[in-house]
Amino acid sequence: MSRRRQSFLHGAAVLAFAGIVTRVMALAVQMVMARTMGAQGFGLFQTISPPYLLLVTLATFGLSPAVSKVLAEHLAVGDVARARKAWLTANAWSAMSGLAVVFLAFALSPHLPRFMDPRAIPAFLAMVFRIPIVCLSSVMSGFYMGVQNQTPPALAWIVETTVRAAASVPLMIWMSPWGVRYGALALVIGGGLGELAGYLTMLCTYWLRDRRLLSADAPARRSNRGVFRDLAQVAVPTMLANALGVVAFAVEPTVMYRAFLDAGVPRREATAMYGAFGMAMELLFMPTVLSGAISSVIVPAISEAKALCDHRLVARRIAQAMHAAMFVALFAVAFFVASGEDAATALYRNPTAGQLLTYLAPSCLFFYLSDPLFAVLQGLNRAFVSTVITFVSSAVRLACMYEFVAMGHQGIHGLASAVATSGIVAAVLAMLAVRRYHELDIDLKISVKMAVAAAVAWIPMSAVQNRAADQSAWTQFALCAIAGMVTYIVSAMYLRLASVDEIARIPLVGQPLARVMRRLPFLGA
């Protein structure tokens, strides 16, 4: 058996690159959506997302991280037969659960008007048909994460988003004049075509090249019994944690409307404000494509190290994941503080979303650290702990939402404060949990250097805001992004956060960037 393995950081870089490309294309679709359907349409689409995500969470059963973890563990010790059994079991389960959830959703469809805006029902029912494809695609992605070859999932994401954008935009422009319900339906149809294209990309890659990685004639080192238990140890807590998060997300509009009503804000105005809040959150979480890439590769990486009983490697990979997420988060804080309003105004033409984005910017550090910390817990076989943390943070979010909006009369900023509070609680609890189960060696010196680099990057971004105040929001946004990113990367180089040789190993952009860095004075290699 030959495996096309990628290193931990190389795999994260591949997924991050794909994530950046897909987020840019997804952002273009959201821009068209915001300008075609307005805040009302954006808010309507947000109300149908939670129940759909809940169904997807139940159907996928948390199998993607479970497959990646189990495959990485068994392949690390050479037990190919048991890895193959786990792979086949996961595929069979995902197919059955996907179809079962579709039948369940349509059986309950007569009751949907009691819980959902009637305009959203056609789009929701169309979404349900995508669930089996999502289930199979998640397991296929877990397979490639487990064999530590992140290129096929990265390519599939790009194909999926390209097809989604190419189908959604013309359909939405064509159907939106008939009403927001048809605009939402257009987005769902385009999304379904994209998901199908992404899955077929991975499936073709598997059958043409990678199906021999789990050869059928490999001898079993131990009994195949208990394979489902191995998967369930990660899948069940992951599913529960995701379900709790989705339930809280689904309950959020109800609590939000109740809180605004008690504060004297009418429902239509609350929907528009909630749409602006959704726009701000989309931008706030856009850089999490980088921390999300880290989370995807850290589970099999830590599982492999644990299977080999290499505790020093486990500690090093945890530290690498934390430092990488922190590097992204600190720049995001500086950028959103400096140019959050311009970003939302340029992309969504919604200044309220920009104000919320700037207000939420300091919480980036906690949001971006949470996903890698939860992934570390999964890799350490402590997935149930992340479920408990998710429950606590969700309860804090809903309680604070009502307290800040209805009782404190803070309006939409109260909703933002509640979200920030829950993010802080989740990150702190996750960090304490990781420290309890394994050594958490975060280098304070490196963290301080990152903060200094972010502060230095904020200086030119602030200067752009002052000197280009009479320019368009697009101009200010673009100038801030370019000036901030260049300054941040150069500052990081001079502070020795990464060497030029390490930069050169980044896929695709590493070599050109390293050549530029070597020309900088006093930097060297």
Shortest non-hydrogen pair, Ala426 vs Ser393, comes out as CB-CB, 3.8 Å

Rounded to the nearest 0.5 Å, what separation is found between the CG atom of Asp342 and the OG1 atom of Thr475?
-> 9.5 Å

Rounded to the nearest 0.5 Å, what separation is found between the CZ atom of Phe404 and the NE2 atom of His413?
-> 13.5 Å

Shortest non-hydrogen separation from Asp262 to Ala406 and the atoms involved | CB-CB, 4.1 Å

Rounded to the nearest 0.5 Å, how far does OG of Ser64 lie from OH of Tyr144?
-> 13.5 Å

Quick one: are Val425 and Phe366 in side-chain contact, heavy atoms under 4.5 Å?
-> no

Heavy-atom distance under 4.5 Å between the side chains of Leu373 and Met322, does that happen here?
-> yes

Rounded to the nearest 0.5 Å, how far does CD of Gln476 lie from CE of Met461?
-> 13.5 Å

If we only count heavy atoms from C-beta on, is the Pro152 to Thr201 side-chain gap below 4.5 Å?
-> no

With side chain to side chain contact (heavy atoms under 4.5 Å, CB included) as the test, would you mind laying out the steps for Trp474 and Thr345 before giving the verdict?
-> CA-CA 8 Å; Trp474 263 111; Thr345 302; over 6 Å; no

Could you walk me through whether Leu193 and Arg164 pass side chain to side chain contact (heavy atoms under 4.5 Å, CB included), step by step?
-> CA-CA 6 Å; Leu193 294 174; Arg164 183 195 302 262; over 6 Å; no

Where is the tightest heavy-atom contact between Ile446 and His323, given as atom of each residue plus distance?
-> CD1-CE1, 4.0 Å

Under 4.5 Å between any side-chain heavy atoms of Arg258 and Val255, yes or no?
-> no

Heavy-atom side-chain contact between Val134 and Glu195 under 4.5 Å = yes

Please test Met431 against Val428 for side chain to side chain contact (heavy atoms under 4.5 Å, CB included), starting from the C-alpha separation and ending with a verdict.
-> CA-CA 5 Å; Met431 189 170 295; Val428 171; 5.9 Å; no

Taking atom OH of Tyr359 as the centre, report whether more than 12 heavy atoms of other residues, nucleotides or ligands fall under 6.0 Å from it.
-> yes

Check the pair Tyr488 / Phe327 against side chain to side chain contact (heavy atoms under 4.5 Å, CB included), numbers first and verdict last.
-> CA-CA 10 Å; Tyr488 190 57; Phe327 184 78; 3.4 Å; yes

Would you indicate whether the side-chain heavy atoms of Ile412 and Phe260 approach each other to under 4.5 Å?
-> yes

Just wondering, do Thr421 and Arg397 contact through their side chains at under 4.5 Å, heavy atoms?
-> no

Nearest heavy-atom approach of Phe336 to Leu283 is CZ-O, 3.2 Å

Supply the atom-to-atom distance Phe331 CZ to Ser491 OG, rounded to the nearest 0.5 angstrom.
-> 10.5 Å

Locate the shortest heavy-atom distance separating Ala329 from Leu365; write the atom from each residue and the value.
-> CB-CA, 3.7 Å

Is there a donor-acceptor pair under 3.5 Å between the side chain of Ser462 and the backbone N or O of Trp458?
-> no

Taking the side chain as every heavy atom from C-beta outward, state whether Tyr52 and Arg130 have any pair of such atoms under 4.5 Å apart.
-> yes

Between the OG atom in Ser363 and the OH atom in Tyr368, the distance rounded to the nearest 0.5 Å is 8.5 Å

For the student: nearest non-hydrogen atoms of Ser386 and Phe374, plus distance = CB-CD2, 3.8 Å

Under 3.5 Å: donor-acceptor pair, side chain of Ser339, backbone of Phe335 = no

